[in-house]
Amino acid sequence: MKKKTNMTSKKRILLLLPVLLSLLVSPPLKASSGDDLSQQVDELVLRFPSQTTAERDSNVAELLQLGSRGIQELCLRLQPPGGEDDTRVRFALNGITVYVKGPGKNKERTLYVAAVIKALDPPRNKEVKAFLIRQLQLAGQQESIQPLAEYLGDKQLCEPSTQALLAIGGEEVENAFLEALAQGLEENRITLIKALGEVRSRAAVPSLLGYAHSSDDNVRQVALYALANIGDPAAEDLLSRIRLASTPFERTRAPSLYLLYAQRLAENGNKKTTARICHELMITYTAPQEQHIPCQALSILVFSLGESAFGDLLRAMRSPSKVLRIRALELAEHFPSKGATRLWLDELEQADPEVKAEIPSMLGRRGDDHALPAVVKELNAEEIVVRIAAISAAAQLGGDRILPDLLPLLYTENEDQIQTLKAVFLGMPAEKVVPELGERLDLVGPAAQVALLEVLAERRASEYVEKVFALFQSENDDLHKAAVTNLAAFVGPGDLPRLIELLKSAARTESRPLQDALVAGANQISDPEARAELILSELSQASSGQKADLIRPLARIGGEGALQVVVSQTQSPDTRVQTAAIYALSQWPHIAAAPELLILAQNSNERKFVSLALQGYVRLAVESELDAEEKVRMLENTSSLALSVTEKNMILSGLSTLHTKSALRLAASYLEESQLQERAARAIGRIVRDGSEEVGLSGPEVVFYMRRVMNYIQDPYELESMERYTEYMLRDEGFVPLFNGKDLAGWVGDTVGYVAEDEKIVVYPDQGSGNLYTEKEYSDFILIFEFKLTPGANNGLGIRTSLDGNAAYVGMELQILDNSAPKFQELEVYQYHGSIYGVVPAKRGYLRPVGEWNFQQVRAHSRRITIRLNGETIVDADIDDAGTPQTMDGIDHPGLKRDRGHIGFLGHGSRVSFRNIWIKEIE
Amino acid sequence: MQGKKTYTRRTFLKGAAALTAACTIVPRHVLGGQGYTVPSDELTRAVIGVGGMGKAHLNYEGARLLAVCDVDAKHLQEAMEIGGPGVKGYRDFREVLQRTDIDIVHIPTPPHWHALISIAAANAGKDIWCEKPMTRTIGEGQKVVEAVQKNARIFRINTWFRFSSRYYGFDTTVKPIKKVVENGMLGWPLTATLSGVTGFNWKFYWSGKTYLQPEAVPDELDYNMWLGPAPHKPYHSHRVHNTFRGYWDYDGGGLGDMGMHYLDPVQYILNKDDTSPVEIEADCPQQHPDACGSWRRIELSYADGCKIILDGENRDKQAPFLSGPLGKLYKGFRSDIPDLENKMALLPDPAPQITDFSHAVRTRTKFALNEANAHRSCTIVNLAKIAVRLGRPLRFDPDKQRFIDDGEANRLIHQPMRAPWNL
């Protein structure tokens, strides 16, 4: 069945798995001749994997209609590892496994599982059986238990069958494990012991007690776990002593096992023992690094005993161990009753300061409103740590209701308290908080003033702008600085004159925040052209330094008028002004500035100006609304400039966001420079991968770039992902590999002189100099491959040729040659690399230096042959025209008339390597 | 093109630093008493799994590196060289856990080991910094939560977008997004779309190979230990090290790789830290039982109507990142809500988060991304994996953490481990 593809669609749906197309190279598994059922199975198998759920379901349904015999026949096609490729069979079987557990499919499930069980019966490769067992792990139920149990004694299959049995569960499974364990085989012991533990088998306890003393670490490990998980009283003595046991890891693990045991005891109704064990461990483990044990014990006490564990919780909350106290509080959160809240509040009253600080946080998280009054009371506690905890907790419980209680706390110098209050205020609705804070802004101490200022700024409380200007005048350094920094959040257009005055007389360090304020005020003017007016009119009277400060913010204000002024100032004789203007121009947000920036970059004498201008230009190109091609053209404009490495890197960064072939080409041009290679390679990788959705960013040319750049990528992780991506791209385009990377399957001819090694086909001239041909014939196709020459190398690519005879004449030979070799300097034009030998000469000069990999693409479409070498078209010819009235070499080339034939590598006694050979047949 | 970008990183950042500082304040003179480190004492750590990602963990700050562990002798050697003379090397993680002088363990092993080592570490009294995804199965995640909480351990996952860093398609952190949502500006319920259009790349190239010819195990690798709880399958280099992501036995393809990075912030934004989706449906090609493949679309719906769409085909070129009855938010913080930036200035901020892990360890405070909420966001990933593997719609009970009327799906929640390993 011809494989349905959507390769021609523009959508890049990356669906395909490698196997599908490799099967074109290796033939499908052969059906036994003459068997009708077998043939049906063969046909159905070819439909897998399915591309949609609906397809899968219908394909599976057809398989199931073949009945039990059909399923068994299918199972027969499973291959052991190292055998033939049975991927489709595994897809088919797993497809059934998933299908039959869907709703309403019980009849099908029964049939399927019975067939799988039958298929399990005869001797077969263990891994194949494991695969079948794993299907039962998903689809099997009661009926599978006995058949699976038969494998419990098998060394390799014990584990998969145990896993399947555990998935099925039930008493019968437990009995199967018990029986198997009783057989006393060593190889499956740990699997079975663990399984009995997982099913909590009481009946296993007597033998487990014996295994717990085994000299084998693994046996002991699983036996102890099993005994703990089962929770039978008989195991208590043993488990209580395991921390004295042999391996250090067992000692580390012992208390947790013991506590697991305690938990299970409680679940089985034995709560008194649980309590005893937990209390014992809480007393025994007192070292700082062991505090997790009392926490565990307390947790189990609470889970098992519920409210009867209150006393333990309270005691734990008074423990000198902070870790335990906090755990106790976490557990306390989950007692919903009001009575519990009452207890914590009592505790809160009596507690030490450290503990007092921990309780409110818990109460806050608990969310019980009744705790609020007590928490609010702690707002006035003496200890800072308690106050801070109370602030956050009160806010959590009371929201903005408690604002009046918090406000008095602002009258403090304590930085921690202030910061805590600030965070709380920021979490409250603006309309409640802003008036209260604004009112107090000039009443509180300076540390708090800074915090209030920041909150009001965050909330854009512009009604307090006058107060902020007042604080600007403050003698307190911190306050003054806070006012300057946050001014921008408060000002409006009416404040512009004032701001300009301040800016003109500002200290160096304040210039920037004042510019920010200027920008904030100006941008509130609705007409974009009017925004810069006031500033521009000030410019004429301003001094040199002032001018610079006034020009800088223009980039953030914008407007045609401002742009013109800035452009003219880039020519200012005053360096300060000029620098500010160029800087502003480089920051300009509108594409209108781009032409000026380019001119500046081209004409300026100062390196730093060129760099600034270029930065701005590149940024504008990339961020603008233009389409990708236009952006690339803009970037191409910079090629005439002499750029530094940093600047070129900038351009590469910009290019990496543009997903077009032109961007690829431009980025690829940087590959020639060693300092830029890795960056260029990564940019290309990014363009290709991020542009995977773009139509046009696919196909052999893109693959060519990817392959080229993979030579420059060091990181194996990155390389692997690029490799996989390239493979996906090709398959999605409809290409299939001609060479599987491992052996010469699919190739005939001189398989001695041509060797598959390291994912390449290498010609060993001393072993043979014949030809290697594809088994298949092709007529119209696109072939891509890479080749590497040695000095003086001479080989050839035969297309549309027969398996014997001289391919150059019975088919066509596309020359493969080291053009640079001294002995080849006097050849005919039609003998050089890429030429259709004797018929069409190729353009020369596009081979990589000898020893580097070259990428070639051959497109044979009816009478037209097009060859591209390393991105350049070197042959584009109509072979009928080229052969009329006669060929260039005057010799008869009957092969030109052929419309199909083999593809081959034509040895002429040289060492050449080939790799990544893919082909796409075209209509 | 939808509305202009209304929110810039700069406007947001001003207040951020101050907030973080506030919520982590605990006065120095308070910290004392039994059972934890005084701030001036240095914290110590071990890194278990020092292959690809593990090497990055060697350089993390905040605690002194004392030990490294790996089942590959070459990786171990390299890590010891990077670590220097003070760092000891181990082949068995259990020996690392026995050391009483190690406070924190990092777990950058492949995901099939995460739960086992996390639980063993918790039971040994260690705090934990585990790689994403948190666990390979939902059942494992539940057990990790239990062990970490019972032992009162501090736990974090190695994803951080819910509390810091520029979040994928946005120039800002997640905080302003959370603020917009929490204050109802988009209405309720919301739909979140994660696709290339909204700034998320699903990395489908993390697919497994379906036909692996057995290879000889390299001398330096203890393959049996590398497999650990996973079923034994013949060795092939593609199963391990850089490419384990392609196999269900160890991880879950692109979903496993990026799922938590992308989805944990979404869970936080939608305020779903304590629950899970109730309906899951996947549109995908049939999956191989061993090798992960790609998928086209996965939809997860919550009980209150919130929805998460994972769009692997970038089908909707105009998709907003978040969409609600009152408004939409697009990649780059563009929105159809007019004057959003000014409106946001008036809104209260989300609750502050604890974002300094060392500080959390010292004060025994739950970290911003801890075992409980990480388990929930990892569950989103694991639900998606199961939906893809079964290819049929599923219904999930978020409180019982079980599927409704689908026994096969439930068999993928608790998957047995290979002896002698168990949770």
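We name chains A, B, ... by the order of the sequence lines, and we start the count at 1 in each one.
Using a 4.5 Å cut-off between heavy atoms, B:Asn342 touches chain A through backbone and side chain atoms alike. Contact annotation for A:Ile190: both backbone and side-chain heavy atoms come within less than 4.5 Å of a heavy atom of chain B. Heavy atoms of A:Phe131 lying under 4.5 Å from chain B belong exclusively to its side chain. In this structure, the portion of A:Gln263 lying under 4.5 Å from any heavy atom of chain B is its side chain and not its backbone. If you measure heavy-atom distances from A:Ser299 to chain B, the contacts under 4.5 Å come from the side chain alone. Looking at B:Leu423, only its backbone comes within 4.5 Å of chain A, counting heavy atoms on both sides. Within the 4.5 angstrom heavy-atom criterion, only side-chain atoms of A:Arg134, from C-beta onward, approach chain B. Proximity to chain B (any heavy atom under 4.5 Å) is shown, for A:Ile168, by both the backbone and the side chain. Of the atoms belonging to A:Glu431, not a single heavy atom falls under 4.5 Å from chain B. With a 4.5 Å cut-off on non-hydrogen atoms, B:Ala122 touches chain A through its backbone but not through its side chain. In this structure, chain A has a heavy atom under 4.5 Å from the side chain of B:Glu146, while its backbone stays farther away. Proximity to chain A (any heavy atom under 4.5 Å) is shown, for B:Arg418, by both the backbone and the side chain. With a threshold of 4.5 angstrom between heavy atoms, A:Leu138 approaches chain B through its backbone and through its side chain. Proximity to chain A (any heavy atom under 4.5 Å) is restricted, for B:Leu347, to the backbone atoms N, CA, C and O. With a threshold of 4.5 angstrom between heavy atoms, A:Ser392 does not approach chain B through any atom at all. For A:Ala395, no part sits under 4.5 Å from any heavy atom of chain B, backbone or side chain. For B:Pro289, the parts lying under 4.5 angstrom from a heavy atom of chain A are both the backbone and the side chain. Both the backbone and the side chain of A:Arg459 come within contact range of chain B, with heavy atoms under 4.5 Å apart.
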Output, in order, the C-alpha distance, side-chain angles, deciding distance and verdict of side chain to side chain contact (heavy atoms under 4.5 Å, CB included) for A:Thr87 and A:Phe48. CA-CA 9 Å; A:Thr87 299; A:Phe48 289 88; over 6 Å; no

Candidate pair A:Ile293 and A:Leu259, rule side chain to side chain contact (heavy atoms under 4.5 Å, CB included), full reasoning: CA-CA 9 Å; A:Ile293 300 300; A:Leu259 285 169; 4.3 Å; yes

Is there a side chain to side chain contact (heavy atoms under 4.5 Å, CB included) between B:Lys343 and B:Asn183? Walk through the geometry before answering. CA-CA 11 Å; B:Lys343 288 181 180 152; B:Asn183 286 289; over 6 Å; no

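Enclosure of atom CG in B:Asp101 by more than 12 non-hydrogen atoms of other residues, nucleotides or ligands within 6.0 angstrom is indicated.
Under a 3.5 Å cut-off, the side chain of A:Asp57 and the backbone N or O of A:Tyr99 do not form any donor-acceptor pair. A side-chain donor-acceptor contact under 3.5 Å links A:Lys194 to the backbone of B:Met417. Formation of a donor-acceptor pair under 3.5 Å by the B:Asp283 side chain with backbone atoms of B:Arg297 is not found in this model. Side chain of B:Arg364 to main chain of B:Val361: a donor-acceptor pair is present (N/O by atom type, distance under 3.5 Å, no hydrogens or angles). A side-chain donor-acceptor contact under 3.5 Å links B:Trp248 to the backbone of B:His288. A:Arg88 places no side-chain N or O within 3.5 Å of a backbone atom of A:Pro49 that could act as its donor or acceptor partner. Looking only at distances, a side-chain donor or acceptor of B:Thr44 sits under 3.5 Å from a matching main-chain atom of B:Asp103. The backbone N or O of A:Ile326 lies less than 3.5 Å from no partner atom in the side chain of A:Glu358, so there is not a single donor-acceptor pair. For the pair B:Gln286 (side chain) and A:Phe91 (backbone), a donor-acceptor distance under 3.5 Å is present. Under the 3.5 Å distance criterion, the side-chain polar atoms of A:Gln291 are matched with a main-chain donor or acceptor of A:Ala287.
Contact tally against chain A (heavy-atom pairs below 4.5 Å) for B:Ala152, B:Ala282, B:Gly196: the top residue is B:Ala152. Looking only at heavy-atom pairs under 4.5 Å with chain A, the residue among B:Ala351, B:Ala409, B:Cys284 that has the most is B:Cys284. Counting heavy-atom pairs under 4.5 Å between each of A:Glu415, A:Gln163, A:Glu198 and chain B puts A:Gln163 at the top. For the set B:Glu95, B:Lys233, B:Gln415, B:Arg389, the entry with the most heavy-atom pairs within less than 4.5 Å of chain A is B:Lys233. Heavy-atom pairs under 4.5 Å with chain B peak, among A:Gly83, A:Ala389, A:Ala164, at A:Gly83. Among the candidates B:Arg153, B:Gln149, B:His414, B:Glu408, the residue making the largest number of heavy-atom pairs closer than 4.5 Å to chain A is B:Glu408. When each of B:Lys126, B:Lys366, B:His241, B:Gln287 is checked for heavy-atom pairs under 4.5 Å with chain A, B:Gln287 comes out on top. Of the residues considered (A:Ala461, A:Cys158, A:Ala430), A:Ala430 shows the highest number of contacts with chain B, using heavy-atom pairs under 4.5 Å.
For the 3.5 Å distance criterion, the side chains of A:Thr97 and A:Gln135 qualify, holding a donor opposite an acceptor.
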